[in-house]
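The basis for the numbers below is simple: all heavy atoms, side chains too, and nothing from hydrogens, waters or symmetry mates. Below, read A as the first sequence line, B as the second, and so on, with proteins coming before strands; counting in each chain starts at 1.
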Number of protein chains: 4
Amino acid sequence: MMVRRTNTDDNELTARRRILDAAAREFAASGFDGARVDEIARKAGVNKALIYYYFKSKEELLAVLFEETRDAVFALFDAGVIRKMDFGTGDDARRMLTTFLEVLEERQDVIRVVLMECAKRTPINDMIFSMIGEILDRMMALAADTGYLVEKDREKAKVTEFFTGMMPILNYVAYHEIWMERFGMEEPALRAQFIDAFLGTHLAYTVRKAGR
Amino acid sequence: MMVRRTNTDDNELTARRRILDAAAREFAASGFDGARVDEIARKAGVNKALIYYYFKSKEELLAVLFEETRDAVFALFDAGVIRKMDFGTGDDARRMLTTFLEVLEERQDVIRVVLMECAKRTPINDMIFSMIGEILDRMMALAADTGYLVEKDREKAKVTEFFTGMMPILNYVAYHEIWMERFGMEEPALRAQFIDAFLGTHLAYTVRKAGR
Amino acid sequence: MMVRRTNTDDNELTARRRILDAAAREFAASGFDGARVDEIARKAGVNKALIYYYFKSKEELLAVLFEETRDAVFALFDAGVIRKMDFGTGDDARRMLTTFLEVLEERQDVIRVVLMECAKRTPINDMIFSMIGEILDRMMALAADTGYLVEKDREKAKVTEFFTGMMPILNYVAYHEIWMERFGMEEPALRAQFIDAFLGTHLAYTVRKAGR
Amino acid sequence: MMVRRTNTDDNELTARRRILDAAAREFAASGFDGARVDEIARKAGVNKALIYYYFKSKEELLAVLFEETRDAVFALFDAGVIRKMDFGTGDDARRMLTTFLEVLEERQDVIRVVLMECAKRTPINDMIFSMIGEILDRMMALAADTGYLVEKDREKAKVTEFFTGMMPILNYVAYHEIWMERFGMEEPALRAQFIDAFLGTHLAYTVRKAGR
DNA sequence: TATGAATGAGTGTTCATTCAT
DNA sequence: TATGAATGAACACTCATTCAT
């Protein structure tokens with residue numbers, strides 16, 4: 001009787017998947033310009049030319065990773081992971097944020113690249129800001145639905161959502177590992193402290209502004 | 001009799017200074033890896049080889065820019081620009097933050113590079129985190145002096161100062177111009193809204209925690 | 001009841017044939033070195049690997065096309081298309097030349113490649129010159145039979161046959177379409193003028209030399 | 001006493017010149033697509049990167065060679081090398097043709113490339129046909145001045161000048177060395193025979209047509 | 001016969017850096 | 001100080017060819 005193996009060894013993944021994963025790691029470690037296609041191939045355990053069989057350029061690799069990440073974030077919204085909770089500052093919010101961070105941390109490599117390329121004046125910047133724009137809109141739609149939108153003025157609300165909502169979270173996801181290495185903290189303490197700070201700042205501000 | 005002119009035209013600046021300024025612009029536009037020494041020379045209006053007369057490598061150019069920026073930030077602390085104000089959430093804080101942002105905006109190019117290179121696993125990362133560490137320590141010393149240190153635990157305090165204090169400010173300085181281009185806001189409104197958000201989040205949290 | 005169709009649609013041709021035709025087009029458009037096996041496969045509507053099932057290399061594709069063309073030219077000689085006419089400068093010669101050009105124009109892609117590769121110092125050059133040598137010998141044998149061989153000296157006769165006989169004809173076949181595009185002439189006028197010129201130059205010279 | 005050396009050793013030429021010469025040789029030997037920039041650098045005795053210091057691409061190398069050749073041909077016309085002779089079929093014409101061929105033979109490498117690339121559908125084709133068009137116009141202007149223009153109809157005259165005038169000459173220049181190797185003739189005999197044939201065909205036709 | 005996946009060896013081009021003056 | 005010329009070491013990307021099925 002045959003038993004279907006279900007392990008997730010590297011070798012079980014398709015070459016295309018291994019290439020994408022390796023690219024995410026390499027981009028995160030060296031930035032887009034610093035990343036070497038040779039190194040991506042080595043990390044993925046494939047011939048370099050195979051990368052160009054599946055993707056038309058180094059830039060397309062990044063674009064596909066960005067799309068996957070945007071879709072994953074949208075899936076979180078669609079699944080109601082965030083909406084259903086009590087969008088306040090209590091334990092529910094704490095649990096929700098934990099889940100949210102955990103999911104994003106699976107994509108931390110790509111998020112790092114987003115932050116690195118975010119300030120450059122290159123074509124990649126366009127990809128990033130269209131993605132950021134879409135996600136911001138979802139965040140604001142959610143805030144409006146739950147009654148916590150801080151500002152009547154859409155333009156101003158976007159500023160707040162971006163600079164004190166989205167960015168601290170992305171920063172945490174991107175830098176928490178480096179922080180742990182550099183300043184010697186452990187994951188649970190660091191995350192707990194970040195969540196405290198986020199609840200005490202952005203979410204508290206939101207709740208206060210919404211007048212609840 | 002010859003009189004030495006003292007105006008500050010671009011052409012009057014030393015070649016060394018023009019090179020550093022050009023490098024900051026080029027690094028900010030393209031990142032460290034994406035920056036081209038040819039382009040720095042072109043922007044500075046000097047021969048490419050002259051760059052290697054003054055600096056031993058592209059990396060040293062960046063190191064010098066980082067040092068200048070760290071010194072400028074330290075000078076702000078030394079001059080008491082921050083300490084002297086009423087470190088709360090009122091108009092004084094608002095004026096102080098405005099001044100602070102204005103000074104940092106003069107160095108926005110270098111700050112952009114800091115954020116870009118912050119997440120990479122390269123030698124540059126060491127330079128950045130030693131600088132960040134020093135500045136964080138000054139921030140915490142100041143917070144302790146003024147009685148607003150949020151946490152007894154130094155480690156935890158550092159986390160809060162970094163993720164909800166330093167990073168939002170650096171992010172604002174780095175991204176505000178791109179934000180204006182992408183989302184079509186004007187400078188005064190954007191800055192006012194950011195200051196509102198920063199006062200309402202990080203500073204409000206600090207003040208609350210300090211029990212005042 | 002099923003009836004086997006006998007039309008000659010592209011799809012009805014064997015894969016091998018479609019590959020050869022596509023190769024001729026691609027070689028003519030881009031030269032041998034510029035031609036891409038991927039593109040040949042695309043033009044032929046087959047999988048790239050199938051090309052290597054039928055032919056052992058890109059070079060063999062070209063060799064087969066050359067052989068086909070040489071055989072077609074020999075068939076013209078064997079069929080007496082040229083021999084039977086009055087090999088002079090009158091209407092018969094004009095009709096003969098028209099027929100000859102029409103047949104060669106069907107192979108214009110391969111002839112273009114011959115001219116492109118003719119001057120290179122590559123292995124392909126050997127294939128071409130052995131073909132050219134054989135055809136020249138047939139041309140001279142024909143000229144001898146009809147009494148129009150311009151020179152007693154075989155060596156000198158070969159020069160004349162090549163530079164003022166064979167080459168102008170091959171050049172016409174290879175370049176007439178490009179000429180039409182570039183200088184905006186129509187086919188009938190261009191061909192008529194070329195035939196005038198050829199009769200007035202090479203054939204007139206031949207006839208004069210032969211003393212008739 | 002110091003004597004200025006006047007030799008023309010390879011080392012006396014500028015690197016830029018050596019690169020162009022090497023490129024002409026390599027293009028002639030392998031065609032544009034078959035030519036290797038590495039090999040050009042090796043032949044020129046320079047570092048490969050230096051080629052890109054002087055020229056922006058492999059294609060620009062070819063463009064510069066084409067321009068030089070067109071200018072050299074124009075200089076022949078401007079100097080009246082051709083115009084001043086008795087444009088007939090006698091000894092003067094023979095001497096003129098000899099001079100003309102000698103000058104062109106100095107550029108035989110580039111002329112070979114012209115013939116190779118002439119039939120391709122690539123950007124290079126544009127460069128070639130604009131050059132050919134200009135030269136043809138000069139040829140026709142000359143023919144008109146000397147009263148030997150074969151046709152009233154400019155369009156038809158161009159066809160004749162191209163297919164029985166320009167092309168046989170370019171073919172001779174391009175292929176005479178290969179011909180000597182392949183069929184074992186010596187230079188003087190081959191050239192004499194070609195000149196005989198050219199006088200007896202294109203020029204005789206021209207003179208007859210002009211009614212002299 | 002036919003194909004999707006895979007690869008070794010290039011290929012033109014770039015770039016930080018150095019040299020000679 | 002300043003520069004035009006020069007270079008070694010990559011770099012992203014390509015391509016003819018082969019493999020497994």
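- In the set F:dT14, E:dC19, F:dC13, the nucleotide with an atom closest to the side chain of B:A49 is E:dC19.
- For the pair D:I51 CD1 and E:dT14 P, the interatomic distance rounds to 13 Å; values are reported in whole Å.
- Nucleotide F:dA10 is matched to E:dT13 when pairs are restricted to Watson-Crick or G-U wobble geometry with both distances under 3.5 angstrom.
- Ion pairing of D:K43 with D:D21 is absent here, as no side-chain N (NZ or NE/NH1/NH2) approaches a carboxylate O to less than 4.0 Å.
- Note that CZ of C:R18 and CG of C:L50 are 9.0 Å apart. Values are rounded to the nearest 0.5 Å.
- Between B:R36 and B:E26, none of the side-chain N atoms (NZ, or NE/NH1/NH2) sits under 4.0 Å from a carboxylate O, so this pair counts as no salt bridge.
- The partner of E:dT21 is F:dA2, judged by Watson-Crick or G-U wobble contacts that both fall below 3.5 Å.
- Contact annotation: side chain of D:K48 to base of E:dT13, donor-acceptor pair present below 3.5 Å.
- Using a 4.0 Å cut-off between charged nitrogen and carboxylate oxygen, B:E67 and B:R70 do not count as a salt-bridge pair.
- Among the atoms of the strands shown, only primed sugar atoms or phosphate atoms (P, OP1, OP2) are found under 4.0 Å from some heavy atom of C:A35.
- Note on B:F55: nothing from the nucleic acid sits closer than 4.0 angstrom, heavy atoms only.
- Along DNA chain E, the nucleotide nearest C:L50 and the nucleotide nearest D:Y52 are compared for position; the residue whose nucleotide lies closer to the 5' end is C:L50.
- An OP1 or OP2 oxygen of E:dT18 is reached within less than 4.0 angstrom by no side-chain nitrogen or oxygen of B:Y53.
- Scanning atom types as modelled, no donor and acceptor separated by under 3.5 angstrom connect the side chain of D:D38 and the base of E:dG12.
- OP1 or OP2 of F:dA12 sits under 4.0 Å from a side-chain N or O of A:R36.
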